[in-house]
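All ligand and atom numbering here is 1-based and tracks the order in the structure.
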Amino acid sequence: MRTQVAIIGAGPSGLMLGRLLDRAGIDNVIVERQGPDYVLGRIRAGVLEQGTVDLIEEAGIGARMRQEGLPHTGCELSFDGDTLRIDFDALVGRSVMVYGQTAVTRDLMEAHRREGGPVVYGASDVRLHDIDGPAPRITYALDGEAGEIACDFVAGCDGFRGVSRASIPADRIRSYERVYPFGWLGVLVDRPPVSDELIYAHHERGFALCSMRSQVRSRYYVQCGADERVEDWSDDRFYDELRRRLDPAVADRLVTGPSIEKSIAPLRSFVAEPMRFGSLFLAGDAAHIVPPTGAKGLNLAMSDVRCLYEAFADHYGAGSSAGLDGYSARVLARIWKAERFSWWMTSLLHIFPDTDRFSRRIQRSEFDYLAGSRLAQASLAENYTGLPI
Ligand code: APR
Ligand code: PHB
């Protein structure tokens, strides 16, 4: 098989890139290790920046998001019982859209099925060849048969543990990492959310987050130990812990029900740079990870994909390599700012097991500063709703 762009990974990055290339008439094939149901089963954050909303519209898959997405003009922070509303609209004139990543992935998959290029699901032993030259190839196995794709470029959209980043020689890529000493235990439940807006809560027992997927489906999280097991958390234990970390008035409003998903996610900050090696370009989680505090993961992936798509469109349309040459530097500038913001929000809101008394007071003083400064709130709102590319 021959194509112009071979895309590794059919998560949101790979599917969105494929979709944009299809619409621009640029030939592409997506190769995915898992099946579509597995990809859809992963529950991730659900807050879209305006830039992500715009990209979804431009990709022609915005109909359901427009109907079912919930525009949010602010969010709430709570710190040891004191609360502060961050009014995005009043502070920076922007808002966000609450619409789950699973829903975005489903909308992309349906569009691909209707009118998209080929997606090879269930490909094993995916390997990249000759990526340091102008004629790279992908090989894989599918149902015991060998497959090969010759292409002009490879887009590595295969997530943190994918094969693309690992195919770059170690001396040509540099990574930066911080692993946090805790995780998030999340529960999805078909009950109305406790509040119209998201609540991020710092409490001496640990962080908690009240989020939602719709008016009738809620997503809750509590900070837990990095090595805890989900089997040790019954629904009752989870809700008890959540209630203790929320303002009593909010806790009283919590409507509980049987969890329909429960999982523990580790927290990590990670960046690999540069995001290009020869004819291989990395996008999304393949190159960077943020902790979920601030919900930047999907938004960063989408801004990478927008830039990469524009670069390919420039290459095939205007014959210019400027976009491809500038891709890595352009996206990394934004990625590092989102890394900083996610790290900062994580540091403010969590209990770190080895925190001394001084650091606890600094956390408190950070919150007090935010509460008393419209400029500090504007900075939070500017970052939360999304910096420009
Ligand atoms: N070969 C083919 N496909 C692979 C391989 C491989 N060797 N390794 C991984 N994949 C696939 C995975 O099965 C997955 O479907 O690549 C896809 C990567 O998807 P994601 O991990 O969702 O990454 P991305 O598309 O960049 O989406 C970023 O996901 O983790 C969240 O917070 C993050 O919301 C952000 C989004
Ligand atoms: C979620 O709804 O899953 C969610 C929302 C906001 C975050 C993280 C996760 O910061």
Side-chain angles (χ1 to χ4, degrees), residues 6-18 29-48 52 70 72 75 77 96-105 108-109 119-128 138-142 154-167 184 186-188 193 197-200 207-214 217-221 261 263 265-268 270 282-305 308 338 341-342 345-346 349 384:
I7 301 173
I8 321 267
S13 300
L15 287 169
M16 179 59 93
L17 182 63
V29 179
I30 306 181
V31 181
E32 163 64 47
R33 184 168 54 184
Q34 306 286 348
D37 292 345
Y38 178 92
V39 174
L40 268 185
R42 289 178 297 208
I43 311 277
R44 304 263 171 79
V47 179
L48 310 184
T52 302
L70 306 170
H72 279 208
C75 76
L77 301 187
V96 293
M97 174 82 91
V98 171
Y99 189 64
Q101 177 171 321
T102 312
V104 175
T105 310
L108 279 164
M109 275 184 178
V119 185
V120 180
Y121 281 108
S124 60
D125 197 22
V126 175
R127 292 184 201 203
L128 284 60
I138 307 294
T139 58
Y140 57 91
L142 182 68
V154 179
C157 300
D158 47 352
F160 184 58
R161 298 185 192 286
V163 64
S164 299
R165 193 181 70 250
S167 303
W184 278 20
V187 156
L188 192 66
E197 294 186 339
L198 269 61
I199 302 175
Y200 289 88
F207 169 77
L209 170 61
C210 303
S211 181
M212 67 196 72
R213 292 288 174 271
S214 70
R217 180 171 283 187
S218 303
R219 179 71 167 159
Y220 295 110
Y221 297 94
E261 195 267 355
S263 54
L267 270 73
R268 181 194 305 272
F270 176 90
L282 302 178
D285 278 18
H288 45 77
I289 297 287
V290 285
T293 336
K296 289 288 163 233
L298 177 63
N299 292 298
L300 274 187
M302 292 300 103
S303 60
D304 289 359
V305 165
L308 189 52
F341 177 66
S342 310
M345 241 181 121
T346 303
L349 293 171
Y384 194 93

Contacting atoms of ligand 1, where contact means under 4.0 angstrom from a heavy atom of [X]:
| X | result |
| --- | --- |
| V39 | 15 (O) |
| G159 | 18 (C), 21 (O), 23 (O) |
| V163 | 7 (N) |
| Q34 | 13 (O) |
| G162 | 8 (N) |
| C157 | 16 (O), 17 (C), 18 (C) |
| G284 | 26 (O) |
| I8 | 1 (N), 2 (C) |

Mind checking whether V31 contacts ligand 1 via backbone (N, CA, C, O), side chain (CB onward), both or neither, at a 4.0 Å heavy-atom cut-off?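 Just the backbone.
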Would you mind running through ligand 2 and noting each atom that sits below 4.0 Å from a heavy atom of [X]?
| X | answer |
| --- | --- |
| Y200 | 6 (C), 7 (C), 10 (O) |
| R219 | 3 (O) |
| P292 | 7 (C), 8 (C), 10 (O) |
| A295 | 6 (C), 7 (C), 10 (O) |
| R213 | 1 (C), 2 (O), 3 (O) |
| L198 | 5 (C), 6 (C) |

[X] versus [Y], closest heavy-atom pair with distance:
| X | Y | answer |
| --- | --- | --- |
| Y384 | K296 | O-NZ, 2.8 Å |
| P291 | L267 | CB-CD2, 3.9 Å |
| P12 | L298 | CB-CD1, 3.6 Å |
| A123 | V31 | CB-CG1, 3.5 Å |
| A45 | A295 | CB-CB, 4.2 Å |

Just heavy atoms, cut-off under 4.0 Å: does V98 contact ligand 2 by side chain, backbone, both, or neither?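 Neither; no heavy atom under 4.0 Å.
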Heavy-atom distances under 4.0 Å are what count here, so tell me which part of Y220 touches ligand 2: side chain, backbone, both or neither.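 The answer is neither.
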Heavy-atom proximity to atom 29 (O) of ligand 1, best of R44, R42, R161, M16: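 Heavy atom nearest to atom 29 (O) of ligand 1 belongs to R44.
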On a heavy-atom basis, I'd like to know which of M302, E32, Q101 is closest to atom 34 (O) of ligand 1.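 Closest candidate by heavy-atom distance is Q101.
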Which class fits the ring pair Y200 and F207: parallel under 30°, tilted 30 to 60°, perpendicular over 60°?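 Geometry flag for F207 against Y200: tilted rings.
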Which class fits the ring pair W184 and Y221: parallel under 30°, tilted 30 to 60°, perpendicular over 60°?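 W184 and Y221: tilted rings.
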Looking only at distances, can you tell me whether any N or O atom of [X], backbone or side chain, sits closer than 3.5 Å to an N or O atom of ligand 1?
| X | value |
| --- | --- |
| L298 | yes |
| P12 | yes |
| Y38 | no |
| R33 | yes |

Provide, to 0.1 Å, the distance between [atom] and the closest protein heavy atom, together with that atom's residue and name.
| atom | value |
| --- | --- |
| atom 30 (O) of ligand 1 | D285 OD2, 2.3 Å |
| atom 19 (O) of ligand 1 | G11 CA, 3.6 Å |
| atom 1 (N) of ligand 1 | V126 CG2, 3.5 Å |
| atom 9 (C) of ligand 2 | A45 CB, 3.6 Å |
| atom 32 (O) of ligand 1 | G297 CA, 3.5 Å |
| atom 9 (C) of ligand 1 | D158 O, 3.1 Å |
| atom 2 (O) of ligand 2 | S211 OG, 2.5 Å |
| atom 25 (O) of ligand 1 | S13 N, 2.9 Å |
| atom 3 (O) of ligand 2 | Y221 OH, 2.6 Å |

Any nitrogen or oxygen of G294 lying under 3.5 Å from a nitrogen or oxygen in ligand 2? Just yes or no.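 N/O-N/O distance below 3.5 Å exists for this pair.
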Please answer whether the main-chain N or O of [Y] pairs with a side-chain N or O of [X] as donor and acceptor at a distance below 3.5 Å.
| X | Y | answer |
| --- | --- | --- |
| R219 | S211 | no |
| D285 | F160 | no |
| D158 | V163 | yes |
| N299 | V47 | yes |

Quick check for you: to the nearest 0.5 Å, what is the distance between L198 atom CG and L209 atom CG?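 L198 atom CG to L209 atom CG measures 5.5 Å (nearest 0.5 Å).
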Pairwise distance OG1(T52) to CE(M16) - rounded to 0.5 angstrom: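 Spacing of OG1 (T52) from CE (M16) equals 8.0 Å.
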